[in-house]
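Working notes, structure below.
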Amino acid sequence: MPLVLYNTLNRQKEIFHPISPSEVKLYTCGPTVYDFAHIGNFRTYLFEDILRRWLASKYNVIQVMNITDVDDKTIRRSKEKGIPLHEYTHDYINFFFEDLLSLKIEPAEYYPRATDHIQEMVQIIQDLLEKKIAYQGEDKSIYYDVSKFPEYGKLAHIEVKELKSGARVSHDEYDKEEASDFALWKAWDKEDGNVFWETSLGKGRPGWHIECSAMSMKYLGHHFDIHTGGVDNIFPHHQNEIAQSEAHTGEKFVNYWLHAEHLIVEGKKMSKSLGNFYTVRDILKKGFSPLALRYFYVSSHYRSKLNFTLQGLQGAESSVHRIRDFILRLKSAHGASYPELPEVLNKAYQEFKEGMDDDLNTPRATAAVHESINHLNTPLEEKSISREQAQEVIQFFLHADKILGLNLDEILKESHIPQEIQKLISERESARKNKDYRKADEIRKALQEKHFIIEDTPSGPRVKRIESIS
RNA sequence: GGCGACGUAGCCAAGUGGUAAGGCAGAGGUCUGCAAAACCUUUAUGCGGCGGUUCAAAUCCGCCCGUCGCCUCCA
């Protein structure tokens with residue numbers, strides 16, 4: 001079964017064929033750094049991480065994620081705070097990378113910033129001016145003439161003619177010839193304060209869409225494999241990127257466009273006014289582990305709306321525990337050989353792969369993981385899985401975890417129990433044998449304070465480091 | 001107004017013609033000094049509603065109801 005991806009361009013699932021047989025070039029729309037990214041933003045970034053990880057299991061991946069560090073919002077916020085734009089965005093860039101790290105999102109090869117690529121953008125705009133595809137408005141801003149690009153609207157399935165009836169378009173606000181035209185370069189005005197670049201296009205700053213064209217093509221070439229973002233980017237952002245890039249190069253820009261649906265909260269659009277607005281930090285402050293959030297994202301398909309609830313997140317936390325605990329129990333398996341193991345594992349590998357290959361169907365893939373646990377739990381409890389077999393099962397879980405990212409490899413490493421803890425455990429065991437339960441309970445409590453949880457099982461006490469179950 | 005998506009158990013969520021995966025929560029049980037954890041069993045004659053096509057429909061078609069998104073800078 002080959003990898004199949006849903007391509008927004010054609011509104012259907014398509015077999016993925018990279019341009020180069022061994023390498024995939026991937027552009028993922030990144031954050032505008034005017035504030036902390038929220039859990040809705042991170043749904044998209046996590047989808048991109050899953051995509052990256054699965055592609056990386058088959059190809060060498062070159063990924064670019066842009067950082068938009070100049071736009072209306074960043075300028076306005078930095079002015080409000082009285083901090084230079086660069087300093088203001090610098091902080092939020094750092095916060096963004098911290099959040100990526102806590103969610104175990106694998107780093108991209110490039111994180112280009114818009115403000116570092118003004119020259120590249122100017123060059124494209126110059127070229128579009130020369131080709132008479134762009135024009136200068138009365139306000140000195142430069143606009144893209146949508147009528148010069150016949151396929152405009154194709155990605156979003158929008159007819160340009162219909163755009164004009166859009167109620168939100170106020171013609172008065174623009175000095176462009178058609179309401180559907182969009183800005184490539186914004187001439188400086190007072191609102192921009194000291195944010196501007198003196199270029200051959202005049203004093204001003206780039207429009208939003210041009211940065212992605214410039215930076216994607218700089219790092220990935222004129223024609224590359226995959227471009228992703230949230231569904232709201234389909235129009236106008238990605239449509240405009242196509243128009244700019246293809247008019248500039250005369251080549252096809254991107255083969256596969258992938259878009260993640262939005263996350264909603266308690267059935268409603270997340271918004272600050274509804275009080276249902278969460279950043280990743282808000283979630284962690286409530287005591288949830290970042291892995292629970294990660295698992296929560298993975299538990300639905302990226303093209304479905306995901307309804308975020310605290311109850312749902314709690315459920316994700318429990319699911320993560322179950323998987324992690326299973327691994328721990330496997331580690332100490334030392335029973336007889338389980339004859340059906342090869343069959344169970346083959347099925348697990350196959351279903352995991354089929355799920356992922358089917359447009360990154362992570363719910364199917366995680367179901368394969370849980371199903372393998374269901375099949376192996378009884379033999380594991382009955383001590384009919386051998387040490388060697390347990391290793392094979394662990395290999396499957398590590399394989400799946402290359403995608404799921406639940407830190408299962410760390411759990412396996414965290415096996416060393418310090419001497420003093422070992423000593424306390426055996427003291428407690430002898431106390432229990434002497435039926436001195438008061439002392440036993442005291443030691444259990446003391447161990448807990450040292451972040452070790454002790455669980456009595458028929459085959460003796462089991463120790464868990466509290467961090468290891470997070 | 002235009003374009004589009006979705007509606008499966010208490011919650012989350014797979015399944016696009018062959019008789020409802022998986023997870024969470026709940027209930028019962030095993031184990032246990034207690035606790036915790038774990039394990040086992042169990043939970044939709046039903047897939048928003050009504051019709052239709054078919055030997056067979058959650059899946060295809062029509063209508064209706066409901067929720068949501070996009071339509072110029074929101075992931």
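So that the names make sense, note that chain A is the first sequence line, chain B the second, and so on, each numbered from 1.
Proximity note for A:Asn41 (side chain, C-beta onward) versus B:A75, B:C70, B:C73: the nearest is B:A75. Side-chain proximity of A:Lys269 to the nucleotides B:C73, B:A75, B:C74 is greatest for B:C74.
A:Asn407 pairs by the side chain to side chain donor-acceptor pair (under 3.5 Å) definition with nothing, not counting sequence neighbours. Residues passing the salt bridge (Lys or Arg N to Asp or Glu O under 4.0 Å) test with A:Glu427: none are found, sequence neighbours excluded. With sequence neighbours left out, A:His262 forms a side-chain contact (heavy atoms from CB on, under 4.5 Å) with A:Val231, A:Asp232. For A:His38, the side chain to side chain donor-acceptor pair (under 3.5 Å) criterion is met by A:Asn41, not counting sequence neighbours. Annotation: side chain to side chain donor-acceptor pair (under 3.5 Å) contacts of A:Asn10 (sequence neighbours excluded): A:Glu14. Partners of A:Glu455 by side chain to side chain donor-acceptor pair (under 3.5 Å), not counting sequence neighbours, listed by chain and number: A:Arg462, A:Lys464.
The distance between atom CG of A:Asp71 and atom C1' of B:A75, rounded to the nearest whole Å, is 14 Å. The CG-P distance, from A:Leu330 to B:C39, rounds to 11 Å in whole Å. The distance between atom NE2 of A:His321 and atom P of B:A38, rounded to the nearest whole Å, is 9 Å. Protein atom OH of A:Tyr143 is 13 Å distant from nucleotide atom C1' of B:C73, rounded to whole Å. The distance between atom OH of A:Tyr27 and atom C1' of B:A75, rounded to the nearest whole Å, is 14 Å. Between A:Ile264 atom CD1 and B:G7 atom P the separation is 12 Å, expressed in whole Å. Between A:His259 atom NE2 and B:A5 atom C1' the separation is 15 Å, expressed in whole Å. Atom CG in A:Leu310 sits roughly 16 Å away from atom P in B:C11 (whole-Å rounding).
For residues 287-301 of chain A, the set of pairs meeting the salt bridge (charged side-chain N to carboxylate O under 4.0 Å, His left out) definition, not counting sequence neighbours, comprises A:Asp49-A:Arg294.
Nucleotides B:U19 and B:A25 have their C1' atoms positioned 28 Å apart, rounded to a whole Å. Nucleotides B:U59 and B:U53 have their C1' atoms positioned 13 Å apart, rounded to a whole Å. Of the C1' atoms belonging to B:G52 and B:G17, the separation is 15 Å, rounded to the nearest Å. Atom P of B:G28 sits at a distance of 14 Å from the matching atom of B:A36, rounded to the whole Å. Taking atom P on both nucleotides, B:C68 is separated from B:C55 by 41 Å, rounded to a whole Å. To the nearest whole angstrom, the two P atoms, one in B:A20 and one in B:G46, are 12 Å apart. For the C1' atoms, the distance linking B:A75 with B:C34 amounts to 50 Å, nearest Å. Spacing of P atoms, B:U45 relative to B:A38, comes out at 29 Å, to the nearest Å.
Taking the centre of each ring, A:Tyr256 and A:His227 stay at or above the 6.0 Å mark.
A:Thr378 comes within contact range of the sugar-phosphate backbone alone, with a heavy-atom separation under 4.0 Å but no base atom that close. The residue A:Lys268 sits apart from the nucleic acid: no heavy atom pair falls under 4.0 Å. Among the atoms of the strands shown, base atoms are found under 4.0 Å from some heavy atom of A:Leu263. At the heavy-atom level, A:Lys433 lies nowhere under 4.0 Å from the strands shown.
With a cut-off of 3.5 Å on both Watson-Crick or G-U wobble distances, the partner of B:C6 is given as B:G66. With a 3.5 Å ceiling on both atom-pair distances, the Watson-Crick or G-U wobble partner of B:U42 is B:G26. Searching all strands for a Watson-Crick or G-U wobble partner of B:U59 with both distances below 3.5 Å returns nothing. B:A36 makes up no base pair with any nucleotide shown, lacking Watson-Crick or G-U wobble contacts both under 3.5 Å. Under the Watson-Crick or G-U wobble criterion, with both distances below 3.5 Å, B:C47 is left unpaired in every strand shown. When both distances must be under 3.5 Å, the Watson-Crick or G-U wobble mate of B:G17 does not exist. In this entry B:G1 has B:C71 as its Watson-Crick or G-U wobble partner, both defining distances falling under 3.5 Å.
The side chain of A:Arg329 places an N or O atom within less than 4.0 Å of a non-bridging phosphate oxygen (OP1 or OP2) of B:C39. Remark: A:Asn377 is in phosphate contact with B:C39, judged by side-chain N or O atoms under 4.0 Å from OP1 or OP2.
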Under 3.5 Å, N/O pairs linking protein and nucleotides 14-16 of chain B:
from, atom 1, to, atom 2, distance (Å)
B:A14, OP1, A:His301, N, 3.1
B:A14, O3', A:Asn361, ND2, 3.1
B:G15, OP1, A:Asn361, ND2, 2.9

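Between A:Ala368 and A:Thr309, it is A:Thr309 whose nearest contact on RNA chain B lies nearer the 5' terminus. Comparing A:Asp232 and A:Phe182 by the nucleotide of RNA chain B that holds the closest heavy atom to each, the one mapping nearer the 5' end is A:Phe182.
Ion pairing of A:Asp401 with A:Arg53 is absent here, as no side-chain N (NZ or NE/NH1/NH2) approaches a carboxylate O to less than 4.0 Å. Residues A:Asp358 and A:Lys13 are paired through a salt bridge, judged by an N-O separation under 4.0 Å between the basic side chain and the carboxylate. One finds a salt bridge joining A:Arg329 and A:Glu381 here, because a Lys/Arg side-chain nitrogen approaches an Asp/Glu carboxylate oxygen to under 4.0 Å.
Remark: side-chain polar atoms of A:Arg324 are paired, donor with acceptor, to backbone N or O of A:Leu406 under 3.5 angstrom.
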Report task. Classify every nucleotide of nucleotides 23-36 of chain B by which part a protein heavy atom approaches to under 4.0 Å, writing B for the base, S for the sugar-phosphate alone and - for neither, in 5'-to-3' order. Result -> SSS-----S-BBBB
